[in-house]
Amino acid sequence: MKVSWLIPILGVLMGNCGAIDREAFSFTKYDLQVRIEPEQQRLAVRGRITLRNDSPAAQKNLALQISSSLGWRAVQAEGKGVQFVTQAYTSDIDHTGALSEAIVTLPAAVAPKGTVELEVGYEGIVPLDATRLTRIGAGEQEAKHSDWDVIDKPFTAVRGIGYVAWYPVATEAASLSDRNSVFETIGRWKTRQFDSSMRVAFQVTQGQRLWFSGEAAAKTSNEAAESPTSSFEIARFGNRVPTFAIASYEELEDSGSVSVAYLPGSENAAKEYALAADLASTFVGDWFGPPRKRAEVLQLDDAGAAPFEIGSALLTPLSTKTDARLNQMTAVHQLTHAARPSPRLWIEEGLAHWAQAAYREQLDGRAAAIQFMSLHGRGVREVERAIAAARDSDTAARNSLINTGIPELYRGKALFVWWMLRDMIGDAAFGKVVMAYRADQDKDPAYVQRLVATETRRDLEWFFDDWVYRDRGLPDFRVESVFPRQTVRGAYVVTVTVENLGGAGAEVPLTLKVEGGEVTGRLEVRAKSRNSVRIETPSTPQQVIINDGSVPESDVSNNTFRVDLPSK
Ligand SMILES: [Zn+2]
């Protein structure tokens with residue numbers, strides 16, 4: 001049997017690095033000097049990083065990872081070189097599908113909560129590379145529209161973790177063959193680095209405009225003066241991914257609610273987007289008040305590129321062929337981010353998607369809004385099914401709305417949560433809640449629940465428990481029985497009993513179709529329980545339909561019930 005000797009050999013080979021806890025340290029502070037040579041596709045970085053041991057054990061070794069197209073040049077501690085070995089580490093958190101990993105042996109072990117400061121140097125190229133997508137079967141073109149990060153002479157745009165590890169990170173390997181493992185790994189990284197900061201001084205050998213997803217900072221004297229540097233600061237990462245772009249950007253002069261940096265030849269497309277943003281800004285202002293920050297658009301040079309957002313900044317292709325309505329929907333999302341930032345993804349993204357649905361509703365009615373929401377509903381169902389199949393409480397706990405890094409949940413499921421909340425408490429109270437929300441006061445997960453309680457005097461703890469604080473899956477409503485009874489005056493009283501077979505409760509809309517029309521109502525049905533409602537109607541009842549699509553549900557095949565009238 002070959003297997004018996006294979007295992008020990010693998011054990012010896014991996015034993016060296018198997019002992020390292022890659023996620024023991026948090027990277028609390030980055031201070032980087034980044035030199036970019038677009039014509040060579042080159043990136044060279046020197047800098048200082050501060051790491052804190054957040055594990056319960058003392059650590060003598062640590063891992064530093066950068067994109068596999070970059071290479072380590074130096075690692076020093078207290079001015080002295082430290083011992084490190086480099087290796088390729090397969091992981092899909094980077095577009096190349098691999099990382100250059102340095103396993104560093106520290107001069108002394110770092111105790112739990114202790115910190116260590118390292119000076120690092122690395123360099124290499126950042127070419128267009130979609131290996132991680134093509135190797136799981138994506139088409140070349142499609143893959144490049146998704147992984148568009150590149151340093152190149154005409155155009156440079158590079159996103160951070162999850163796309164290009166252009167600054168050192170450390171995570172356990174993640175593979176796109178299990179898609180959620182990539183999101184969970186990046187989610188864990190973002191959680192650990194939530195309060196971390198970054199300072200970057202860029203030096204670019206080409207006179208194009210540089211954009212970075214941080215605040216412009218004053219220069220310090222020790223920065224090299226040979227060619228001009230631009231310094232930026234990110235005081236706190238939150239969920240944002242540090243991103244830079246370098247291009248021959250031009251800017252619209254008076255562009256109203258959004259600043260648009262466009263590439264030569266795209267002025268008309270830029271104007272169209274700015275116009276759409278102006279139209280959307282009234283709607284967003286009515287719900288959320290004035291913007292906290294001016295929204296920014298940066299054009300991507302690949303017309304098929306998938307847009308990417310960092311708070312209220314949007315990297316996107318621009319085209320005069322884009323439908324005006326679509327531009328408005330995009331602008332509603334972006335301007336909601338500008339008006340209502342939040343450190344919590346389910347709030348920030350949930351509200352922006354909710355605003356899009358509400359905008360559809362204002363233009364075309366509730367059915368159109370629910371149609372828009374149904375585009376997200378499918379993804380929510382699929383992800384919840386996968387989590388339920390995993391059958392471990394850990395996966396469920398990691399994927400409560402407050403913790404999850406899975407987009408279908410913090411976008412799609414959160415959209416439904418905000419929509420259900422508004423349906424439950426009404427427009428006036430909902431408007432006060434979202435207007436009162438302040439990112440800097442959002443210190444604990446129950447903050448939104450308290451805002452709701454203040455405005456409505458309703459305790460919706462059960463709702464937040466089922467949908468936000470925990471992942472209890474989705475409801476599954478079943479019309480259990482319908483009993484029509486004719487009154488002496490010839491009208492009907494219809495008693496409808498609905499059972500919820502699922503793990504999450506909801507207040508669900510209910511429609512009673514009657515001869516010549518319909519009567520609608522709402523019914524709160526908690527998880528694993530049933531509730532009844534009595535509806536009076538002068539016409540003959542025909543059919544009961546539970547859920548108009550505004551509550552995400554695992555199974556909608558059991559939601560209608562034909563009313564059988566007792567024979568007279
Ligand atoms: Zn967004």
Side-chain angles (χ1 to χ4, degrees), residues 146 148 157 159-163 183 186-187 190 194 211 213-214 234 236-243 245 257-261 273 276-277 280-281 283-285 287-300 305-318 322 325-360 369 372-373 375-377 379-380 383 401-419 421-422 434 437 439 442 448 468:
S146 176
W148 39 252
R159 297 167 284 185
I161 188 160
Y163 303 93
F183 290 126
I186 294 166
K190 286 181 178 172
F194 199 85
W211 178 87
S213 62
I234 298 173
R236 189 190 191 201
F237 280 154
N239 283 299
R240 312 262 197 267
V241 177
T243 297
S257 33
V258 60
S259 79
V260 186
Y273 187 81
S281 68
F283 173 83
V284 174
W287 280 105
F288 301 101
R292 301 294 159 96
K293 199 180 167 190
R294 191 166 155 86
E296 292 175 284
V297 171
L298 294 115
Q299 185 177 0
L300 293 173
F308 181 75
E309 48 176 9
I310 308 140
S312 60
L314 179 68
L315 280 68
T316 180
L318 291 172
T322 309
R325 215 25 120 60
L326 188 62
N327 271 340
Q328 287 168 43
M329 288 289 276
T330 306
V332 164
H333 187 107
Q334 189 185 9
L335 295 175
T336 302
H337 284 329
R340 200 50 86 244
S342 170
R344 297 182 197 278
L345 277 172
W346 80 272
I347 296 175
E348 182 156 84
E349 285 307 330
L351 277 178
H353 286 276
W354 172 84
Q356 290 181 294
Y359 189 67
R360 277 306 306 266
F372 168 80
M373 286 158 62
L375 302 175
H376 292 278
V380 176
V383 169
L401 271 193
I402 42 173
N403 291 328
T404 190
I406 301 176
E408 285 86 345
L409 299 183
Y410 68 71
R411 292 177 185 275
K413 187 175 179 180
L415 151 66
F416 281 100
V417 166
W418 288 105
W419 188 276
L421 190 61
R422 176 193 172 202
V434 297
Y437 178 89
D442 187 349
V448 173
V468 180

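Order of listing sets the numbers, starting from 1, for every ligand and every atom in it.
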Exercise. Any idea which N/O/S atom from Glu309 gets closest to the Zn ion (ligand 1)?
Worked result: OE2
Exercise. Just by modelled atom types, is the Val468 backbone N or O under 3.5 Å from a matching donor or acceptor in the Trp346 side chain?
Worked result: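 Looks like no, no N/O pair under 3.5 Å.
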For this session: Starting at CZ of Arg240, measure out to OG of Ser213 and round the result to the nearest 0.5 Å.
Result: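 Nearest 0.5 Å value for the CZ-OG distance: 9.0 Å.
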Problem set entry | Side-chain H-bond candidate by donor/acceptor type, Tyr273 with Gln299, under 3.5 Å |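 No, no side-chain donor-acceptor contact under 3.5 Å.
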Exercise. Can you tell me if an N/O/S atom from His353 lies under 2.8 Å from the Zn ion (ligand 1)?
Worked result: no
Problem set entry | Metal-centred angle, NE2 of His337 through the Zn ion (ligand 1) to OE2 of Glu349, rounded to 10 degrees | 90°
Problem set entry | is_close_aromatic(Tyr437, Phe288), centroid dist under 6.0 Å |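 That pair fails the under 6.0 Å test.
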